[in-house]
Structure formats: C-alpha cells, structure tokens
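The structure displayed is predicted, hence computed values, not measured ones. Scope of the values below: all heavy atoms of this structure, side chains included, with no hydrogens, waters or symmetry mates. So that the names make sense, note that chain A is the first sequence line, chain B the second, and so on, each numbered from 1.
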Number of protein chains: 2
Amino acid sequence: MAESRADYRRTLAKVAIFSGLTDAELDFLAERAVPRQFAPGEMVFGEGEPCAGLYVVERGNIRIFKSSAAGREQVLSIDGPGSSVAEVPVFDGGNYPASGAAVDRATLLFVGKQDFQALCLAHPEVALKVLRVVGARLRRLVGIIEELSFTTVRHRLASFLLHLAQREATAAAAGVEFSLPGTNQELASQLGTVRELVSRNLSRLQAEGLLKLEGRRAVIPDLKAFEAELDPA
Amino acid sequence: MAESRADYRRTLAKVAIFSGLTDAELDFLAERAVPRQFAPGEMVFGEGEPCAGLYVVERGNIRIFKSSAAGREQVLSIDGPGSSVAEVPVFDGGNYPASGAAVDRATLLFVGKQDFQALCLAHPEVALKVLRVVGARLRRLVGIIEELSFTTVRHRLASFLLHLAQREATAAAAGVEFSLPGTNQELASQLGTVRELVSRNLSRLQAEGLLKLEGRRAVIPDLKAFEAELDPA
DNA sequence: GCGCGCCTATGACTTTTGTCACAGAGAACG
DNA sequence: CGTTCTCTGTGACAAAAGTCATAGGCGCGC
C-alpha cells in the first residue's frame, strides 16, 4: 500500500496543475486519490452525469468527446499521461459537459471534488495553475471551432496529417514517414466528419501525389508542397 | 474622480468574478481600473495580440469572434454589462485567442494583468470564481462545437430563434413575438455560416408556416410545432 | 486454412452549403 | 427629391458533405 501511494505521488507530481507542491502536499492527495483501471473503449464518465471529481492520467490515453443523437462523435481532446481531465466541472458544480472514454488500457487516478477544492483554497497557486491548464483547453476548443467553421474536411485532414508528420520529422528530411493513429472512423470523429470522407480525402491526397499510403503507414514525400496545400484553401 | 471611482466600484461589484469582495478590495481594483470608451464596431483587442489585462463590461456589449482569411467571422460569445472578458489569456500568459469588438457604444473597465493576479493570490476565492466563469465559457464553446459538428444551418437558426422567443415568452402565450438582433450578416456569423443561408432559411421557415416575418419583427405562431422541428433533425 | 468480424475503398446519389450576380427595399443625407 | 449606402431576397450554379450499398482486404481464432 505504502508503495502504491508513493507511485501515485510520483504520478501526481508530473501533472501540470500539481507541479510545485511539496511532498507532504502530494501525499495529502496521494492518500485520497483512488486508482481506477479501464479497458480499451471503456467509459470513464458520461456527458450529463454529475461530476464527482477529476481524473489524472497515469497510463494510457483518454478521449473526451461529444456524441450526437445520430450516432456521430466529435472528439474534443485526447489526453495522455500527466494530463488532468474534467477539472472544469469540479469548479462550476455542473455536470460533465462531454463524455470520457479510455482509448487503450488506461490507469487513472480519481481525485474527489472536495479534496481538490480544499487544496485550491489552501494553495492559491494551484488554482492559478488550473487556470493555465484550462486556458490551454479553451484555446484548443476555439481552434476546433475555427476549423469546423472555416475549413473543409480536406483541409482539416491535411492539417492533422501535417501535425503528425512534424512530430516525427527527423530534421529537414525529405520524406517524413509516420503512421495513422486509430481507424478512419476515429480520425473522422476527431475531424468532425464521417468515415467515408476521411477515406476519400486520403485517396485524393494520394492521387495528387502529396501523400503515399501503405496500410496505416503514411509518407509525405514533400513537406513543403504539403504545407503549401494548407495556405491558400 | 472620487465619484467615478465609486462608479467603477459599483460596476465591479456586479461582476461574477468579483462578487463577495469587500469594499476595500473593490477599491483596490477600482483605483487601478482604467475606463475605456468604444464606438460601435470598434476593436477592443485583436486575435494574436499580447494580452495586457482583462475587461469588465460596464455598458454596451462586446462581441468575441474569430475571423478567417476569406473574410468570414465566427462569433464565440457576446457579453453584456456585468461580464468579464479575456480572463483566460491573463492567466496562461498567451495572446488573445480571438478578437473583441464593441457591438454598440460601450464602456469597459480595463484591469491590468498584474493587479488581477495579485488579487487572486491574496484572495483564493477569486481564482475559484474565475474558474467557475471560465467553466461556463468552456461549456458554451463545447456547445458551439456540438452544433457546428452535428447540425445543419437550418437547425442552428431554428434553435437560435427559439432561444430568443423563450426569453420573450409571456407565459404560455400562443404566438411569441420578438425581433431579430442585428443584420442577417451578424446572425450568420453567430451561426457559423453566410448571409444568404440565413436569408434562405428564414424564408423557408416562413414558407412552412413555422415563422412569420415583418421586417425584423418575427412571430412564432406555434411554439410547440417549432420546437418539434428541432427534435428529429 | 477457413470463416468471421472489423475495417477500408469506392461508386452513385442526395442534401447541404457556399458563391456570384443582381434586383429591389429602405434609411440617411445633402 | 434624388443619390448613395447598406441590407435583403433570390435565382443559378458549383462545391463540399453526407448517405447508402457493396466489394474486398486483413487479421484472428478455432
């Protein structure tokens, strides 16, 4: 038990909103944090449910999304180890604004609402850190709105691929190779569209020579040309 | 001077994030707040500019929006008296994520970044209140994403009209009358589309008998029927 | 290695959205 | 009163998004 508590503490210390806390303060949280295991695809919380507390990702990834009556989903963010999730509803007392589900096998630490609020009152800097994190989240949402409102599926897909490529980018290498994360369905729900359009647009980019596909491996032969595709449209 | 400072204090006291502060604390802010007047349509701040502080709306309305290279705009929110604006970039140190402009003749109070941060450190509850406000903002953004991603322009327009009508609603009256705010262009940028589609969809709703228009005055003859339009689609 | 389930690709089609051009209503102003 | 400006309404298109149905690939387990 003492050992796992030490583990939790290590996990918590890596989280942006808890950085800078003393060991004693981390222990306060670690003692109260409840670890929870999730299978791939398992729901962590559902949109509209009352919020009991926040989660910290220890292992795996969690996908935050909205779902429509027609069965479509729109991903709002995917958070990995070291991220915290659902800080917001903890504070405004409302329900979860969106659903959360494990992408893969994931371990999360649950921190109760009251414990967290107590911590914030005792340590004003924590609240400021939460605000920073929430600010980043807000920016991301604004970015999604911008993309949905102004750009085409093709553009969003290209921009998504570019981000993937830039992560992998080995300096100024000619051809960047990377692999497509998840299924086309999952890509679609991140881009705010449907499976078929992802498939079609991938084909189209390939036909135009901007992209080469082999299964789930993708290569962008000419990064410059690819980027140029994003500017005008 | 002392008089206008008392005015500022009155204004600040009405703002959600400053509620509960003592008179002395409000004075601290009121002394440092800088009043600024804006003409209709005038820019308050532009997307990407470094953020110097937040604004409190004393009179008038401010529109927060994104604009695209192609000249389209997407409104994120419209805030009236008693609202605060741009709290977020104050905390994460980044630039303004969107632009702000006065809708009508408006008076805003500017509160510098440092003054505000100092206040938050001295009064942890303030930070918690900011988090509540930001939480509401975040929910609204998620709502916009949901609508853009899942629904048609027609649906968004109908839902917008319904909200207007419900405000005006005199109990369970048969026909609700209200007036369309702003031009079709402005409506369009709130709904994430273009002028023509607003015009066309208004015509269509009218042709279907769900709506009656006379200039900018609108009447929904049968609220039930109108609402029913939103459920299935 | 065969079948099954899940995923992809794609053609054909509909609906929705957006663009362009232009005509006309209505207010604002000299 | 006529001019000018802005806003609306609409027809005619063009482009993008989404739907439906179907064929085929790939991996996994029995």
Side-chain angles (χ1 to χ4, degrees), chain A residues 40-41 67-74 103-104 145 147-161 179-208 211-218 229-230 232-233, chain B residues 40-41 67-74 103-104 145 147-161 179-208 211-218 229-230 232-233:
Chain A
S67 27
S68 81
R72 267 176 61 179
E73 291 185 348
Q74 168 72 51
V103 173
D104 33 33
I145 292 176
E147 294 215 309
L148 286 177
S149 187
F150 297 150
T151 79
T152 64
V153 169
R154 174 175 213 264
H155 184 102
R156 301 205 287 278
L157 175 60
S159 146
F160 187 90
L161 294 178
S179 70
L180 300 182
T183 67
N184 283 357
Q185 178 59 259
E186 285 161 343
L187 279 184
S189 61
Q190 287 178 60
L191 301 176
T193 184
V194 295
R195 207 188 83 239
E196 290 95 325
L197 284 197
V198 170
S199 180
R200 261 192 247 285
N201 279 286
L202 282 173
S203 300
R204 194 165 144 214
L205 287 172
Q206 201 171 11
E208 291 166 4
L211 184 72
K212 284 195 211 322
L213 280 175
E214 266 191 43
R216 297 266 95 187
R217 292 302 288 176
E229 196 58 16
L230 298 189
Chain B
S67 26
S68 82
R72 268 175 63 179
E73 291 185 350
Q74 168 71 53
V103 174
D104 33 33
I145 292 176
E147 294 216 308
L148 286 177
S149 187
F150 296 151
T151 78
T152 64
V153 169
R154 174 174 214 264
H155 185 103
R156 302 204 287 277
L157 175 60
S159 145
F160 188 89
L161 294 177
S179 68
L180 299 182
T183 67
N184 283 357
Q185 178 60 257
E186 284 161 343
L187 279 184
S189 62
Q190 288 177 60
L191 301 176
T193 183
V194 295
R195 190 181 62 80
E196 291 94 326
L197 283 198
V198 170
S199 181
R200 261 191 246 284
N201 278 287
L202 283 173
S203 301
R204 194 166 144 213
L205 288 172
Q206 200 171 12
E208 291 166 6
L211 184 73
K212 283 195 212 320
L213 279 175
E214 267 191 43
R216 296 268 96 188
R217 292 300 289 176
E229 196 59 16
L230 298 189

Whole-Å distance separating the CZ atom of A:R154 from the C1' atom of D:dA15: 13 Å
First of A:G215 and A:S149 reached from the 5' end of DNA chain C, by closest nucleotide: A:G215
Test item: A:T193 side-chain N/O and A:L197 main-chain N/O as donor-acceptor pair under 3.5 Å: no
N/O donor-acceptor pair, side chain B:R200 with base C:dT19, under 3.5 angstrom: yes
Test: B:E208 and B:R204 ion pair at under 4.0 Å: yes
B:T193 vs C:dG18: side-chain N/O to OP1/OP2 distance below 4.0 Å: yes
Length of the line joining B:L197:CG and C:dT19:C1', which is rounded to integer Å: 10 Å
Within-4.5 Å side-chain heavy-atom neighbours: B:E229 and B:R154: yes
base_contact_polar (D:dG9 base, B:R195 side chain, donor-acceptor, <3.5 Å): yes
Close side-chain approach of A:S149 to B:R72, heavy-atom, < 4.5 Å: yes
Beyond-backbone contact of A:L187 with A:R195, side-chain heavy atoms, under 4.5 angstrom: no
Integer-rounded Å distance: C:dT15 P and B:N201 CG: 15 Å
Whole-Å gap separating P (C:dT17) and CZ (B:R156): 7 Å
Rounded interatomic separation in angstrom, taking CZ from B:F150 and P from D:dG18: 11 Å
Length of the CG-P vector between B:L148 and C:dT16, whole Å: 17 Å
Proximity to the side chain of A:E196 - top-ranked nucleotide from D:dT8, C:dG18, C:dT10: C:dT10
Earlier contact from the 5' end, DNA chain D, for A:V153 and B:R216: B:R216
B:R72 side chain near C:dG18 phosphate (N/O to OP1/OP2, under 4.0 Å): yes
Between C:dG18 (C1') and B:L157 (CG): distance, integer Å: 16 Å
Selection from C:dA21, C:dT8, C:dG18 that lies nearest to any side-chain heavy atom of A:N184: C:dT8
Sugar-phosphate only, base, or nothing, as touched by A:T183 at under 4.0 Å among non-hydrogen atoms: sugar-phosphate
A:E147 CD to D:dA17 C1', straight-line distance once rounded to whole Å: 16 Å
